[in-house]
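Everything on this sheet refers to the single structure shown next.
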Amino acid sequence: MKSVTRLWIAAVLLAVIPSLGHAQQTRRVTGHVTVQGGTEPIPGATVQVVGTTLGGIADDNGNFNISVPAGAHQLRIRRIGFAAKIVPVGANDNSVNVSLARDVLQLETQVITGQATTVSRANAANAVTVVNTEQINKVPQQNIESALQGKVPGAVITSNSGAPGGGIQLQLRGTNTVNGNYQPLYVVDGVAVDNSAFGNGLNSISGAGGAISSNQDQQVNRIADLNPEDIESIEVLKGPSAGAIYGSRGANGVVVITTKRGRAGTPTLDVVQRFGTTAVSNTLALRCFSQAQATQYVDSNPPAGFKGATDYFAANPYAGCTDAQNQLYGNHGLSYETAASLRGGTGDGNTTYFTSAGVKHDAGITSTDGYDKQNLRINLTQQFGPKINLRANTEVLHTLTKRGISGNDNNAINPLDVISGTPSFYDFSRKVNGVYTSDPWAVSGANILQDQQVIQTPENVYRLIGSAQAGWSAIASTRQTLDFSLLGGVDSYSDQALIYSPPFTYLEQSGVISPYPGTVANGNTNVVSANLNLNGTHKLILSPFTATTSFGLRQDRAQVDNVFNQGKGLFPGITNIATATQTAVNQAQNDTKSFSYYAQEEILTANERLLLTGAINAERSSTNGDANKFYSYPKASISYKLPWLPPKTDNLKLRLAYGKAGNRVPTNFKYTFLTPLLEDGVNGLRQGAQIGLNTIKPELTTEVEGGFDATMFGGRAGLEVTQYQKKTTGMVLTAGLAPSTGFTTKVINGGTMRNVGTEVGLNLVPIQTSIFTWTSNTTFSRNKNKVTSLPVPAFATGAGFSERFGSYKIQQGYSATQVVVFSGFDSTFDANGKYVSRARHELHIGDQNPDFQMGFSNDFTLGRLTLSSLLDWRKGGYVINLTNNYFDFNVAGSNFADTLAAQKRGNAFLAGQPVYAEHGSFAKLRELTLSYDLGESFAHRMLGSRAKDLRIEASGHNLITWTNYTGYDPEVSNFGNAPIGRTQDVTPYPPSRQFFLSLNATF
Amino acid sequence: MKKYIAAALTSTLVLAGACQDNPAAPSRDNVVAGSQQTLQSLATGIIAQDRANYGGYLLWGGIMARDAIVPTANESRFVTEFYVTPPDPSDFIGGSQWTGYYQLLRASQLLLKDKAFTSLSAADQGAARGFIRTLDALSYIRLIDYRDQNGVVIQGPDATVQDPIRTKASVLAYTSALLDSALVDLKAGSSTVPFTLPSGYSLHGDYSQTANLILLNRGLKGRVEVMRALDPVAPNAASAAAALTALNIALAGAPSPMTEAYLNAGPWYQYNPSSPESAANPQQGSSSLVTDNFVNSFMPGDIRAANVIPASAPTVAGFTASHRLKLTDPNNAALQSSPIPIVRNAELILLRAQAEIATGDLAGATNDINAVHTVEGGLPAYSTFTTASDAINALLYELRYTFTYFGPQHIVALREYNMFNLAYVTQAGMPNKGAADPLVSSLPITRNETNARNGNITPVP
């Protein structure tokens, strides 16, 4: 590997040294850049002398002043949001005026090709999706993942529940792994940010899993902390062919987030004030009872402590048809958000800054749940002379999430669990002497409204994401540049969760949680991840080609320390664990280190029609069996813009890309652990259930991606078609062992998995007049997964409860995310009734992932009025609806309004039919915004002469869902994010829709 | 890969240090030299695993025998998997009572290969090996209790080898021989085991003493031989006598008249909820109730009826109940500290009654049944039974009211005597699934075991 590095360094030096000192004579050329068809200046436009490295950036007024070599040349003028243009500048010209047309289809966006390089999207060899700040923030977003829903072909972005604060899974181009990381790498301004999810200790009262906290704690993956308002653009590198340069973290794609930066010139102040509310968007239809029916029901099924209807109704008056869902989830609290940002810089552009601050509150659909965020960002750039620049980005934020109780439980504590067993003639809101009554139908006696009022579930996250970057322009001649940058980044947060269930509730007093009433669980998780990058980029511009060589080193470290303390048996009002009757502690830690280096070469030639790229990344990681061994990840790509075009076609580019990327070995898979077992104060040890692999290697995913991009009708239509195939080899599998060996799984590198998919993006401007514009973006993607080889017998994996309901199995010839259902045995007996054999029935129902998905985004602009909408349609995918199972079996005849259907379903289930595996197809109106620009003159009148713009918006999120799914929402995951087994629906937090009214002012 | 696993498993298993990149978890790959502390940790690991296996073992049998029911609002499978459909081998009932026992058996094998063990004196090795192998035999007994004719695996020395599923008859024969081997070790061993046993082992007799462990060993031998003698598929003619021999040794100190203290003698599991423990008392706080028929079928005057208290429960799949045993009372925190017997003399005495019935000694059987009937039930003694049928019915009554929520003794006996037609089994409101398989009388081979064998789970002799 060392020899490869030396070779690259030598190549760079050879390219650089001969040209040193060959400076040409130059002159000054000034110019002015405006919007085509008007006089509005375009600040920040990049002006480059074609075939050289010379150029500059237009100031606030669209003016530029650059050096141009003697003789006739061409200038390329570019600005995000506008179509690039090349204009001639004659040998004697000293002034050029340019107008740029708006690039509504984003054809000219720069896209990332490496850790320090970009290329115009017009030349890009990969289908990189770029989502800009306007698209991200059309509707107030809870987090950046929801902002991407329906906008990125190939991305399946699914909420885990309707709970406030997030919990969303983003998966690009299918599932590459069974046990490894399955989510893309998130990089914010060069810092690899952590997207882990940690429990909040809910398990201490729900009893859903083991220990104090479990993966059924309805976790939030922490990318939700990032503030969408600060983001300039998000680039989505969907697979190894684009992300190979990120090494063992590139297999699942890379989401590169760039935050806003300062701009030279007059400061710009943006202020956004939003008010809104939220409403539950779906409830289940519950059974109603007339008084006579209720009497008959209670007489037939008296709850504990009652003989029949007479004494029951004396204590619990008939309450008609009370929908407890509305009592609990009927809150319409006030949501609000105030965000302000200041952006500017010195006139010479040597110092620029972007700073923002925000306060946000999302109300929950219960009166006690919600999400709060406060954030502060400062991005600074300072140029020290022509060669040195420094950049520092810092974001500090705090979030407070209160999500209440939802998901699986074993203590009759989840409100929907209780509701499923309580007839609607019982009124939870009834109070006797000011105190809620105990629900006699619940084994825990829990009154869900009492619990909602007094059980606390706050989770505070304090986070710092910061980076400092120093750049050195070592060489900047007419024909070549050599730049170095050193970037240090850190992402550090503390996640402090509390579960407090006071001792006086019926729930705690019932003893179902513990014989010691009162529970407190404190979770404290500290995460620090840091990276150090050294990059070098050499650009050589010659008449036949432009060569960009980049190289660099990268070091990463991530530490996680997760501690939970639990106390049971509390004094009223006291949450000090030290005073609890019974205490317990859990802790988990890990520490991961990796080091990598890379080199990349890009050749742009044939009149900038042909782009050739080759790169290699080598990386070692402490999680590998051999922590010192480097694994290599190459990539290569080609794109070509055809010179001969079909009619009505402006541009047609063919592209082909190949790349290999790894998936880092999960922490600790190389070890065989001992399991501690405590008895009588003595710590015992036995072998763990899993046999580790001390030679374990990263999974390797190879991707070939090809397609074409076409623009037509004078920039009014753009079509992007991509076909890809990914093959993952050496999968990190926890292969099932016969448990009779004493181990249940063993870690292996083996087997292969394939993902094949198609992505289509169609962008249209069907109407574009001076008063009305209609812009339409349609995305389509489909992905098919298959386990093509498996060196071990098929084995069950993923989260789930039982194959009777529907679970997941890794099996050769089937999708890794297939859903299987066990439908029973056929036992055979001989003539004497003696047992002979059993045949097992297992049905391959389908796949957890959708067959395909489409997004339809439309913007209609009529003068100052803009209407934007986004429809997200997902077809197929199975969800295991265990919420129905609760209702079907929890009360005599079911508590659903359609009792016949429920009974039929329950009977079918008992007969072995897979009734709880349901199609999860849906279409959702994700976003709808009506925006009106009040105009500059109105803004002046209202806000003074510095005001430039004032806009009012009415918007909604997740307004309508069309689905045949019988549960609350097919977007659901009891186990949070997971590559396999995420579609288990167990009494989730119901979905909600949000409404906002916004006022946006720019000064 | 195979080479690695073999190397890993045959390497010395000693107290683990911490992993470099996971300081919180011990790993067998980062080890320190063996020691007495290592031996203690590994022995405690086995004992604690045995206790951890106990929850389902105590409860499932009562549900299968229709004595118990768990109608809980948030988990319908307690009812549906036992009363409505056969248990799904992938879930927490059909998949249970399997893995934990094999983890214990593997842990036992690893301990006996460990340097901390091999460096002991021969006498200490004998006591330790005798104790560990007796626990191993207990695991096989419990495996067969629930899998019955579906068979179980006799775990071999190599974890990379998938040993076959063996028939019940062959597993019982193996277990019998294992106990005999353990007896030889105990007899040759030191007077006490060379590590500290949990306090439950000295609650009703000191079972760190090899002399008492020999009694336990013979009691389990008697249990195995009774099972062999009464195996409906492959009865072993010599086993009834062998059972009597073993049980007579185990019960040699029985007093006359019988005392409660003697019936309770044996090793127990102790639970200490005020300190971190790997297992909580599995009886207390559970949603486990008893069926109406169970409540209504006490003989008049049976003092065990006082152990039943009213309880509330929802109706699940048409089933509900209105009483529970006191020992499950969720509001009684003190019960979390209640010890639970591993094997006590009351069980051994009833096993001897079974052996006596099988050998035609109805007087002996009457005497042994009466020992439990009069002391634990507070009921007048039976006159000497004149038919085996009467003796069996009386025996089943004692098993039902003494061991519900203490193990599957009742369902095991119902299987042995093919008594699934009893009124309290096929009681009103309970399903009757036909003559061939009227009840869920055994659990299936678990899904993971089946998958690993590509579906081939037919037991071999």
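Chain naming here is simple, since letters A, B, ... match the order of the sequence lines and numbering starts at 1 in each.
Residue A:N408 does not touch chain B at all, counting heavy-atom pairs closer than 4.5 Å. Contacts between B:S322 and chain A at a heavy-atom distance below 4.5 Å are absent for every atom of the residue. Of the two parts of A:K809, only the side chain, counted from C-beta on, holds a non-hydrogen atom closer than 4.5 Å to a non-hydrogen atom of chain B. For B:I165, no part sits under 4.5 Å from any heavy atom of chain A, backbone or side chain. For A:A794, the part lying near chain B is the backbone, with the side chain staying farther off; criterion is any non-hydrogen pair under 4.5 Å. Both the backbone and the side chain of A:D409 come within contact range of chain B, each with at least one heavy atom under 4.5 Å from a heavy atom of that chain. With a 4.5 angstrom heavy-atom cutoff, A:Q509 touches chain B only via backbone atoms. For B:E81, the part lying near chain A is the side chain, with the backbone staying farther off; criterion is any non-hydrogen pair under 4.5 Å. Contacts between A:F801 and chain B at a heavy-atom distance below 4.5 Å involve backbone atoms as well as side-chain atoms.
We find the CG-CZ distance between B:D50 and A:R686 to be 12.0 Å, quoted to the nearest 0.5 Å. In this structure, A:F795 CZ and B:R447 CZ are separated by 11.5 Å, a value rounded to the nearest 0.5 Å. To the nearest 0.5 Å, the span separating CZ on A:F805 from CG on B:D88 amounts to 8.5 Å. A:N410 CG to B:T72 OG1: the interatomic distance, rounded to the nearest 0.5 Å, is 7.5 Å. Distance CD1/A:I691 to OG1/B:T160: 8.5 Å, rounded to 0.5 Å. Between the CG atom of B:L110 and the CG atom of A:L674 there is a distance of 9.5 Å, given to the nearest 0.5 Å.
Counting heavy atoms from C-beta outward, B:Y271 and A:E679 have side chains that stay 4.5 Å or more apart. Residues A:V682 and B:T196 are not in side-chain contact: their nearest non-hydrogen atoms beyond the backbone lie 4.5 Å or more apart. Between A:Q582 and B:Q336, the closest side-chain pair of non-hydrogen atoms falls below 4.5 Å.
When A:S510, A:G445, A:A627, A:G800 are compared by the number of non-hydrogen pairs under 4.5 Å with chain B, A:S510 comes out ahead. Across A:G742, A:S514, A:G305, A:A735, the residue that shares the most heavy-atom pairs under 4.5 angstrom with chain B is A:G742. When each of B:I154, B:T99, B:V152 is scored by its heavy-atom pairs under 4.5 Å with chain A, the top score falls to B:T99. Note: B:Q284 leads B:Q270, B:Q284, B:Q109 in heavy-atom pairs under 4.5 Å with chain A. Chosen from A:A689, A:S802, A:G511, A:S807, the residue pairing most often with chain B at heavy-atom distances under 4.5 Å is A:S802. With chain A as the partner, the residue from B:A313, B:P330, B:A334 showing the most heavy-atom pairs under 4.5 Å is B:P330.
Shortest non-hydrogen contact noted between B:N454 and A:P793 is OD1-CB, 3.6 Å. The two residues A:L678 and B:R51 make their nearest non-hydrogen contact at O-NH2, 3.2 Å. Considering all non-hydrogen atoms of both residues, B:P87 and A:F822 come closest at O-CE2, 4.5 Å. For the pair B:N448 and A:A796, the tightest heavy-atom approach, listed with the atom from each and the gap, is OD1-CB, 4.1 Å. Heavy-atom minimum distance, B:V161 versus A:T741: O-CG2, 4.1 Å. Here the closest heavy-atom approach between residue B:Y102 and residue A:P739 is recorded as CB-O, 3.3 Å.
Between the side chain of B:Q155 and the backbone N or O of A:S740, at least one donor-acceptor pair lies under 3.5 Å. Using modelled atom types, one side-chain atom of B:S90 and one backbone atom of A:E803 make a donor-acceptor pair closer than 3.5 Å. Proximity of a side-chain donor or acceptor of A:Q687 to a complementary backbone N or O of B:Q103 within less than 3.5 Å is detected. Of the possible polar contacts, none joining the B:N272 side chain to the A:D680 backbone as a donor-acceptor pair under 3.5 Å is found.
For B:S41 and A:N683, the side-chain atoms include no donor-acceptor pair closer than 3.5 Å.
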